[in-house]
Structure formats: structure tokens, C-alpha cells
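Notes follow once the structure below has been shown.
All ligand and atom numbering here is 1-based and tracks the order in the structure. In this chain, residues are counted from 1 in sequence order.
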Amino acid sequence: MSSSQLPPSLLPDSSEVLESDVLVGGVSLLKLAQDFGTPLFVYDEATLISRLQEAARVFDDGVAFASKSFLCGAMAKLAVANGLCVDVATDGELDIVLRAGVDPQRIVVHGNNKSEGEILRAIEIGVHRLVVDSFDEIDKIRRLLRPEQALSCLVRVTPGIEAHTHEFVRTGQEDSKFGFSISSGDARRAINALQGIPGVLLHGVHAHIGSQIFDTIGFQEELKVLIEFTKGDRFSELCIGGGLGVAYVEGESAPSIEEWGAMVRSTAAQLGLDSSVKLTAEPGRAIVAQAGMTLYEVGTVKELAMRTYVAVNGGMSDNPRPVLYGSGYEAFDVSRPLAPRPREVRIVGKHCESGDVLVDQAWLPIETGVGDIISTPVTGAYGYSMASNYNRVPRPAVVFVKDGLARLVLRRETLDDLANLEVE
Ligand code: LLP
């Protein structure tokens, strides 16, 4: 990081940086902060649509938006309207997607520990794919699927690949709670078992090697393992899971979804995969991260001998990623976006612990002070979706902006919402 201006590539596509404001989707961020309050998540619909369409173009039908990265009804509808399926990992995610009116035939159901209820619901509504994760799940399917019913499945396998990413978000290695190991023979046993259940339509395999992956070698290795493993199976689909990385701070760069898809296709062709086999994926972060940003108001500035603390009115409850993974972010002063940023500060939240850091090393203009609106860009993925009510802090509102208009898609949580859970 440095004290130079914020790289425009970290802002949503439609951003226009003015002298004393930033427009996103033609809407003033300062006005959004005023109208909707802070903290506020702002998503640029143009960026969302462009990334969704890119994914729909480069992968085959069945490519799914990973809703865990950011979910609300508006987002689920946008994903489907732009050609994607929606991947859900729990009943809660499924519920929101169904309430949004998404056709079950566009829903992919994941989960390493699906309950009987979750499996039954997937069977009854007729989902696009259920991704089978364990032998216990296969037993449940055998018990729950009635002879006249059908269930379209993929089987999740662990390819034994250690992707270069944070250990908490690595999933493709042998030592994993997800899927069936190929090398131990479990994956083959799972395929045989599923093929023996009347009504199960096994379309292919799914693998996931982790999230925030920048280097394409991991995906190439994954493809190699999957193609080799399924050589004799005549499957019609390979889901090349593993989430493409995104740039969060100055100096980082990531392949585009287009480049990622092209690499997957050319590798598959080189490895001799029949061109009729569908290549699908499940991007989440690459769709929503850069489309979203958070607005906060500065409440306190504390100048200490060793550093300056800038405290804002949110924190680890709306973005736990810095605390969980040591993730870095940038920040800028919305009313002074072009000003030099010579002042190194630590941006912290309002929670009662020292770990409540949003940006460990941020650069702000000298003038930024109490009452100013600052923004952390690239917070569209795994911020709102992992938000909590720690210290009974209500979750922020979320707005979508497009063509000069802002629409509230998730209202701010209220103290009454939180109190509603109290029984006595
Ligand atoms: N499909 C499956 C089966 C997954 O497990 C994941 C992510 C995705 C798709 C979406 O991956 P993406 O494109 O978003 O990388 N909370 C962490 C990320 C955890 C990702 C877990 N699985 C974070 O904030 O970095």
C-alpha cells in the first residue's frame, strides 16, 4: 500500500470520481450516506450485471452464482435474469432464493452436512443439481427418494490439490471436511452407490479447491485430476469449483472471469475432454466483490504517539474478514477522493475489542476528520453475508444503484428486529 490516490480499478465499473464526491451508478455516495444512513453497503448494478454476463458467456449453462458471497432476493433475481443458476449451501440460503421467485430448476444445492429436511426439500421442489458430499447423505437420499421421483446430482470430490490461498478457505486438499477423496477410492465408491439408487441422475462431478485463487495452475491441476478420474464415466458435466481471486488493494491484480473461463476451456481441450461435456463453475467473490463498497461515518480520531486511530460507526460486525483472515482493504475519504493520502491511520470499528480492525494500514487525506464519510471499496463479497450482531449492532442497509437511481434492497436492521428474538 502507499499514499497515492486510490486506484480506480478498485471501484465499481460505473464510478465517476469528482473533486468532492464519487458517483456510482450515477448516484452521489455522499447523498446515499445522507439518505440511507451509515454504515451502508452500496452495489453497482452495472458491475454485477457485467460480471454475471461474463460468467454466463464463458461457462456452460448451469454455471451458478455462489450466494454465500452475498445474498438477498434482488441479487438472486439478478443472477438468474443474467443466465446463471444460484448455488445455495443451507436451507436459509435456499429459502431466500425461493422467496425471490427463482425457479427451483435454477438452484444448485450444496452442503457438507445436509439435514434430512434439506434433502427432502431439494427432492420435492426439483432442484437443478444436488451436490452430494458424504456417504451419510447417500444413505439419506436412498431412504428419502421415492420410486416415482428423480434427483439430478453431482458428486463432490476432493482432487487432492493444495491451492495457494488462506488455509481457512482452502477446500481441495485431502484433509478436508468436504467431498469424497479420489485417491482413497471413496469418490469412486460414492459414484457407484449413487448410480445404484433408482431415480438418481448423476450428471458428473464437482470439485472445489478454495477461494481467492489468483494463479491458474491450481485450476489446471484440478481439471487434469477430474478429467483423468472421469475418463470412463460418460458424464455430461464437470463443475470446476474454486473461486477466482479479486484485487482488494493497490498493487494486486487478478485474471478476469473471461480469462479464467478461457483458460479452463483451453486446458480441458488440451487434456482431450469431449467438447460435449459441460464445463461449469460457481463464482461468488469474482461477481460481487468489486461491485460493492461500504460507507461509514468517522466518529472519533485518536492521535497516539505510535499511530492514529480513526473509528467508524461499523466494524467487525459488517466486515469480519480482516479479523478472520487478516484481509487487507483500502479506504478513501468520499468528499476528498482526489486529495493526496499521506496520513497513515488504522481504521477501527465500534466493537468492544482491540481486534476490531477494518483497515490495519489505511491512507487518508490530512483533513479527514469526525463527521466525514469514508468508504472501503471491494467489500461486496463476504461482508454483508458474514455480518453479525456482535455487541447488538444492527446490520447495515444495502442499496443497489443504477442509471442515477438508488433502490433499497435490504433495509437497515433495527433494535426492534434484534429484540424480537427475546422470549422474556
Ligand atoms: N462453491 C463452493 C462449493 C464454495 O465452497 C465456495 C466458497 C464457492 C462456490 C464460492 O467461491 P468464491 O467464488 O466466492 O471464491 N468467507 C471467505 C470465503 C469462503 C469461501 C467458501 N466457499 C472469505 O471471506 O474470503
Stepwise side chain to side chain donor-acceptor pair (under 3.5 Å) check, Tyr248 with Gln212: CA-CA 10 Å; Tyr248 281 96; Gln212 183 63 355; 4.7 Å; no

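- A side-chain N or O of Glu237 and one of Thr280 form a donor-acceptor pair less than 3.5 Å apart.
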Tell me which donor-acceptor pairs under 3.5 Å the side chains of residues 115-122 have, and how far apart each pair is, sequence neighbours excluded?
{"unit_1": "Ser115", "atom_1": "OG", "unit_2": "Gly117", "atom_2": "N", "d": "3.4"}
{"unit_1": "Ser115", "atom_1": "OG", "unit_2": "Glu118", "atom_2": "N", "d": "3.0"}
{"unit_1": "Glu116", "atom_1": "OE2", "unit_2": "Arg143", "atom_2": "NH2", "d": "2.4"}
{"unit_1": "Glu118", "atom_1": "OE1", "unit_2": "Ser115", "atom_2": "N", "d": "2.9"}
{"unit_1": "Glu118", "atom_1": "OE2", "unit_2": "Asp91", "atom_2": "N", "d": "2.9"}
{"unit_1": "Arg121", "atom_1": "NH1", "unit_2": "Asp91", "atom_2": "OD1", "d": "3.3"}

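- Per-residue contacts place Gly243 under 4.0 angstrom from the following atoms of ligand 1 (heavy atoms of the residue considered): 12 (P), 13 (O), 15 (O).
- Closest approach of Val58 and Ile257 over heavy atoms only: CG2-O, 3.8 Å.
- At least one N or O atom of Arg321, backbone or side chain, sits closer than 3.5 Å to an N or O atom of ligand 1.
- Note: no N/O pair closer than 3.5 Å links Pro283 and ligand 1 by distance alone.
- Ion pair Asp61/Arg106 flagged as a salt bridge, since at least one NZ, NE, NH1 or NH2 atom sits closer than 4.0 Å to an Asp/Glu carboxylate oxygen.
- Judged by the shortest distance from any of its heavy atoms, Gly241 lies outside the 4.0 Å radius around the atoms of ligand 1.
- Remark: the Asp416 side chain and the Thr414 side chain contain no N/O donor-acceptor pair separated by less than 3.5 Å.
- For Asp60 and Arg265, the salt-bridge test passes: some basic side-chain N is under 4.0 Å from an acidic carboxylate O.
- At a heavy-atom distance under 4.0 Å, only side-chain atoms of His208, from C-beta outward, approach ligand 1.
- By the 3.5 Å distance cut-off applied to N or O atoms, Tyr325 is counted among the residues near ligand 1.
- Heavy-atom proximity to His110, at under 4.0 Å, picks out these atoms of ligand 1: 3 (C).
- Contact atoms of ligand 1 toward Asp87: 1 (N), 9 (C) (distance under 4.0 Å to a heavy atom of the residue).
- For ligand 1, the polar-atom distance check against Arg156 finds no nitrogen or oxygen pair separated by under 3.5 Å.
- Contacts with ligand 1 closer than 4.0 Å are made by no heavy atom of Val131, backbone or side chain.
- Shown here are the side-chain hydrogen bond (donor to acceptor under 3.5 Å, both in side chains) partners of Gln53, two or more places apart in sequence or in another chain: Asn82.
- Checked against a 3.5 angstrom limit, the closest N/O atoms of Arg285 and ligand 1 fall inside it.
- Every atom of ligand 1 with a heavy atom of Ala66 under 4.0 Å away is listed here by number and element: 8 (C), 9 (C), 10 (C).
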